[in-house]
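Just follow the structure's listing: the first ligand is 1, and inside any ligand the first atom is 1.
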Amino acid sequence: MTGKKEGLNDAEPYPEQWYDWKWQFRNRITTIEELEKIIHLSEKEKEDISKCLEHFRMAITPYYASLMDSNDPMCPIRMQAVPTINETRIGPYELADPLDEERDSPVKNIVHRYPDRVLFLVTHMCSMYCRHCTRRRTVGEEDFVISDAEVDAAVDYIAKNPNIRDVLLSGGDPLTMSDARLEKIISKLRNIEHVEIIRIGTRVPVVMPMRITPDLLAMLRKYHPIWINTHFNHPKELTPEAVKACSDIVDAGIPLGNQSVLLRNINDNTETMKELLLKLVKARVRPYYLYQCDMSQGLSHFRTKVETGVEIIQNLTGNISGYAVPKFVIDAPHGGGKVPINPKYVITMDNNEVVMRNYEGEIYKYPQPN
Ligand SMILES: *Cc1c(COP(=O)(O)O)cnc(C)c1O
Ligand code: SF4
């Protein structure tokens with residue numbers, strides 16, 4: 001990183017420790033008083049935020065806060081970080097655990113829904129508490145890391161199930177843990193012969209990119225194959241710091257994917273999504289999933305019609321590199337798993353031929369072999 005950046009308010013330069021992730025973590029904005037120093041808040045907004053804070057926590061890294069527009073409540077960065085009164089409105093269909101993850105949990109902190117892979121929730125902590133988080137019932141409730149005994153019980157479950165070849169470390173955000181703590185877990189998993197790949201789901205490259213240190217990457221590369229999936233939602237998040245974190249990850253031989261959530265008034269249009277996806281590919285990040293927003297409590301203001309996602313995918317397919325187009329999925333309520341929702345390209349398909357539409361809407365026929 002070259003030179004000092006402009007300060008949070010332009011009068012002050014960024015503090016010395018700006019690029020120290022532990023400093024970023026310690027100095028997260030968690031109160032209205034701290035928030036007020038960075039963005040303009042009306043009395044009404046302050047009242048609303050304090051009502052939200054009774055239900056859900058707030059934590060924003062100084063880095064991510066510095067990307068917020070201090071005067072615009074519709075700023076896409078701000079909307080992901082700062083609570084609004086909408087979160088206290090629980091819609092009739094909204095659930096505390098929309099994906100029934102508790103039901104699919106054979107042992108604490110493991111979600112085993114698919115035959116060959118498990119989610120391993122290693123911490124409830126995140127560097128930022130995203131306002132649209134699906135796991136808000138657990139994430140952000142308390143800052144705790146799971147105990148050694150719990151890690152061992154989960155590792156034991158994986159060791160005893162030879163069909164598990166892919167372990168996804170998630171949470172919370174695994175990269176809020178220390179390198180040592182993380183290594184302890186990863187090395188245990190790496191000792192299990194049938195575990196082929198280890199994946200880490202993390203929003204750190206987006207909200208605290210200074211966490212991606214040479215030490216962390218040197219540790220991770222000892223346990224290859226490691227994959228990472230991150231979570232960029234808006235092109236404004238691809239700052240030089242974030243792009244650098246992504247290239248460092250990829251340079252460590254770690255394939256880097258991205259999952260976005262389709263969010264109303266943040267990224268629910270083709271233009272924004274296209275800019276995001278192209279910037280990701282340029283940063284060597286492969287768009288993986290675009291999620292329809294889950295039915296977690298207090299998220300109705302973020303949800304779009306499913307058609308919006310289908311339209312965006314249809315507008316992008318064929319028009320930009322295939323690499324840049326993610327799979328649009330709904331994580332089906334009650335533990336149905338991820339279901340891909342695709343634009344319709346096949347008009348009819350029978351023994352003789354397939355009639356299909358291309359990305360420009362023209363009709364083509366493909367004769368079947370007889
Ligand atoms: C998303 C998810 C996975 C990983 O699914 P992929 O489609 O392989 O990325 C695994 N387990 C659970 C419970 C999940 O929700
Ligand atoms: S980083 Fe992920 S788990 Fe943490 S609050 Fe954001 S969406 Fe939820």
Just jot down the salt bridge (charged side-chain N to carboxylate O under 4.0 Å, His left out) partners of Lys344, sequence neighbours excluded, or say none.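 Applying salt bridge (charged side-chain N to carboxylate O under 4.0 Å, His left out) to Lys344 gives none.
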Cation-pi check, Arg221 to Tyr223: give yes when NZ or CZ is under 6.0 Å from the six-membered ring centre and within 45° of the ring axis, no otherwise.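 Not flagged: Arg221 not positioned over aromatic ring of Tyr223.
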Between Trp21 and Arg211, is there a cation-pi geometry (under 6.0 Å to ring centre, at most 45° from the normal)?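 The answer is yes; both the distance and angle limits are met.
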Salt-bridge test for [X] and [Y]: reply yes if a basic N is under 4.0 Å from a carboxylate O, no otherwise.
{"X": "Lys274", "Y": "Glu271", "value": "no"}
{"X": "Asp116", "Y": "Arg165", "value": "yes"}
{"X": "Glu196", "Y": "Arg190", "value": "no"}
{"X": "Arg303", "Y": "Asp294", "value": "no"}
{"X": "Lys108", "Y": "Glu101", "value": "no"}

Using a 4.0 Å heavy-atom cut-off, which part of His132 comes near ligand 2: side chain, backbone, both, or neither? neither
Looking at [X], which atoms of ligand 2 are within less than 4.0 Å of one of its heavy atoms?
{"X": "Arg203", "value": "1 (S)"}
{"X": "Cys126", "value": "1 (S), 3 (S), 4 (Fe), 5 (S)"}
{"X": "Met128", "value": "5 (S)"}

Those protein residues which place at least one heavy atom below 4.0 Å from ligand 1: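 Lining ligand 1: Val111, Arg113, Tyr114, Arg117, Leu119, Leu168, Arg199, Tyr288, Tyr289, Lys338.
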Atom 8 (Fe) of ligand 2: which of Cys133, Cys130, Pro174 has the nearest heavy atom?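 Going through Cys133, Cys130, Pro174 one by one, Cys133 has the nearest heavy atom to atom 8 (Fe) of ligand 2.
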